[in-house]
Amino acid sequence: MAARKPGLIALFDVDGTLTAPRKVVTPKMLEFMRELRKVVTVGVVGGSDLIKISEQLGSSVINDYDYVFSENGLVAHHDGKLIGTQSLKSFLGDEKLKEFINFTLHYIADLDIPIKRGTFIEFRSGILNVSPIGRNCSQEERDEFERYDKVHKIREKMVTVLREKFAHLDLTFSIGGQISFDVFPRGWDKTYCLQYLDGFSEIHFFGDKTYKGGNDFEIFVSEKTVGHTVTSPEDTAKQCTELFLC
């Protein structure tokens, strides 16, 4: 196997790119990423917190990859060590957060969808994750809501309302996964992690939600990256093989 190419990093989304949505990475994909890491520097960037990323990619994730960016890079690890954090609470303040959370919960309470569960807003270090059905739903319920949402555009309509209501807060709304969307200050999308990669002259990003409004869009179209749209972990491996391993 050839030595690593200097100045090159391959950066990956998690859900839908390295794993099936909210599923655990397969042994085959883990082995592929180990082989890829022999050739290029490898990083992952996800909107979820480190706990959820670890549930999908393994408890040793911060050591298995050169860079691990959780919450879009608001919590950043390099070579297993924490190198940066940012807090939503310190940035917005409690009053603005309370204003947003109160309105959002009222909106969800009046929302007529087939089922609702629990944990409609998850407060992370740098992101609010909003789920109309509630994150406590089962995998079957998650799949059902995803199909329902594709027809009725529940998340899309909700984001439109919130974007207009809270225009004064200059927030970004990013739909990702099956059941939720992320809310964060403008500029705190996945491009936030790129500040830690200034030493690389070539940054390849792989993601599945690269369309406008998807949570991979901003980093996909960034002038700092070469963007690649993938449809599954298998497609990710195929494209990386053609780019880096052949």
Side-chain angles (χ1 to χ4, degrees), residues 11-19 21-22 43-105 108 118-132 134-136 155 158-159 162-163 166 168-198 205 207 209 214-219 222:
L11 188 61
F12 299 87
D13 168 52
V14 180
D15 261 11
T17 301
L18 296 181
T19 75
R22 289 304 301 154
V44 296
V45 54
S48 297
D49 59 30
L50 185 59
I51 292 175
K52 288 186 175 62
I53 290 177
S54 298
E55 289 173 353
Q56 291 183 265
L57 298 183
S59 58
S60 61
V61 61
I62 63 172
N63 296 307
D64 291 339
Y65 299 88
D66 300 289
Y67 290 88
V68 175
F69 301 114
S70 50
E71 302 188 46
N72 291 350
L74 297 169
V75 180
H77 288 82
H78 173 46
D79 288 341
K81 297 178 181 178
L82 181 68
I83 58 173
T85 61
Q86 177 61 278
S87 166
L88 183 64
K89 179 180 176 181
S90 64
F91 186 84
L92 287 180
D94 280 326
E95 284 303 312
K96 291 178 180 177
L97 281 171
K98 185 173 68 173
E99 178 190 5
F100 179 87
I101 291 171
N102 285 347
F103 182 88
T104 302
L105 288 175
I108 293 174
T119 310
F120 299 101
I121 299 179
E122 185 174 79
F123 191 95
R124 301 172 183 170
S125 298
I127 293 173
L128 288 176
N129 181 263
V130 179
S131 175
R135 297 195 63 87
N136 291 355
R155 290 182 292 174
M158 188 173 179
V159 162
L162 293 175
R163 185 179 285 121
F166 295 98
H168 61 290
L169 296 184
D170 199 24
L171 298 172
T172 295
F173 299 83
S174 184
I175 298 174
Q178 296 177 287
I179 62 169
S180 64
F181 57 89
D182 293 330
V183 185
F184 45 85
R186 189 174 304 278
W188 287 21
D189 51 65
K190 287 181 179 176
T191 60
Y192 190 92
C193 76
L194 298 179
Q195 64 185 289
Y196 297 105
L197 303 177
D198 286 341
F205 172 75
K209 290 185 169 54
N215 62 1
D216 296 324
F217 175 75
E218 290 82 4
I219 191 170
S222 170

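What you see is a predicted model; the values in this text were computed from it and never measured.
Atom-to-atom distance recorded for S174:OG and R155:CZ is 10.0 Å, nearest 0.5 angstrom. Here the straight-line distance linking atom CD1 of I53 with atom OG of S59 works out to 14.0 Å at 0.5 Å rounding. Interatomic distance, I127 CD1 to D182 CG, rounded to the nearest 0.5 Å: 4.5 Å. Between S70 atom OG and I51 atom CD1 the span is 10.0 Å, to the nearest 0.5 Å. Here the CG atom belonging to L171 is positioned 8.5 Å from the CG atom belonging to L128, to the nearest 0.5 angstrom. Atom-to-atom distance recorded for L169:CG and F100:CZ is 8.5 Å, nearest 0.5 angstrom.
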For this session: Check the pair V68 / L57 against side-chain contact (heavy atoms from CB on, under 4.5 Å), numbers first and verdict last.
Result: CA-CA 11 Å; V68 175; L57 298 183; over 6 Å; no
Problem set entry | Derivation of the side-chain contact (heavy atoms from CB on, under 4.5 Å) call for K89 and F91 | CA-CA 5 Å; K89 179 180 176 181; F91 186 84; over 6 Å; no
Problem set entry | Working for side-chain contact (heavy atoms from CB on, under 4.5 Å), residues L194 and S222 | CA-CA 10 Å; L194 298 179; S222 170; 3.8 Å; yes
Exercise. After noting the C-alpha distance and the side-chain angles of I121 and V183, does the key distance pass the side-chain contact (heavy atoms from CB on, under 4.5 Å) rule?
Worked result: CA-CA 10 Å; I121 299 179; V183 185; over 6 Å; no
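Ring-centre distance between F184 and Y192: not below the 6.0 Å cut-off.
Judged by distance alone, the side chains of Q56 and D15 do bring a donor and an acceptor atom under 3.5 Å apart.
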Pairs under 3.5 angstrom only: tabulate donor-acceptor contacts from the side chains of residues 72-82 to other protein residues two or more places apart or in another chain.
{"from": "N72", "atom 1": "ND2", "to": "W188", "atom 2": "O", "distance (Å)": "3.2"}
{"from": "H78", "atom 1": "ND1", "to": "D66", "atom 2": "O", "distance (Å)": "3.0"}

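Applying the side chain to side chain donor-acceptor pair (under 3.5 Å) criterion to T191, with sequence neighbours excluded, gives D189. In terms of the side chain to side chain contact (heavy atoms under 4.5 Å, CB included) criterion, residue partners of D216 (sequence neighbours excluded) are, by chain and number, D13, K190, F205, D208, K209, T210. T119 meets the side chain to side chain donor-acceptor pair (under 3.5 Å) test with N136; sequence neighbours excluded. Here K52 pairs with E122 under the side chain to side chain donor-acceptor pair (under 3.5 Å) rule; sequence neighbours left out. Contacts of D170 classified as side chain to side chain donor-acceptor pair (under 3.5 Å), with partners at least two apart in sequence or in another chain: R186.
R124 places a side-chain N or O within 3.5 Å of a backbone atom of G47 that can act as its donor or acceptor partner.
Counting all heavy atoms, side chain and backbone alike, P185 lies closest to G126 at CD-O, 4.4 Å. Contact record, P132 with M158: CG-SD, 4.0 Å, taken as the closest heavy-atom pair. Between V45 and C193 the shortest heavy-atom distance is CG2-SG, 4.1 Å.
In this pair, Y196 and F69 present their aromatic rings parallel. The plane angle is below 30°, not in the 30 to 60° band.
Ion pairing between a basic and an acidic side chain is recognised when a charged N comes within 4.0 Å of a carboxylate O; K98 and E95 show such pairing.
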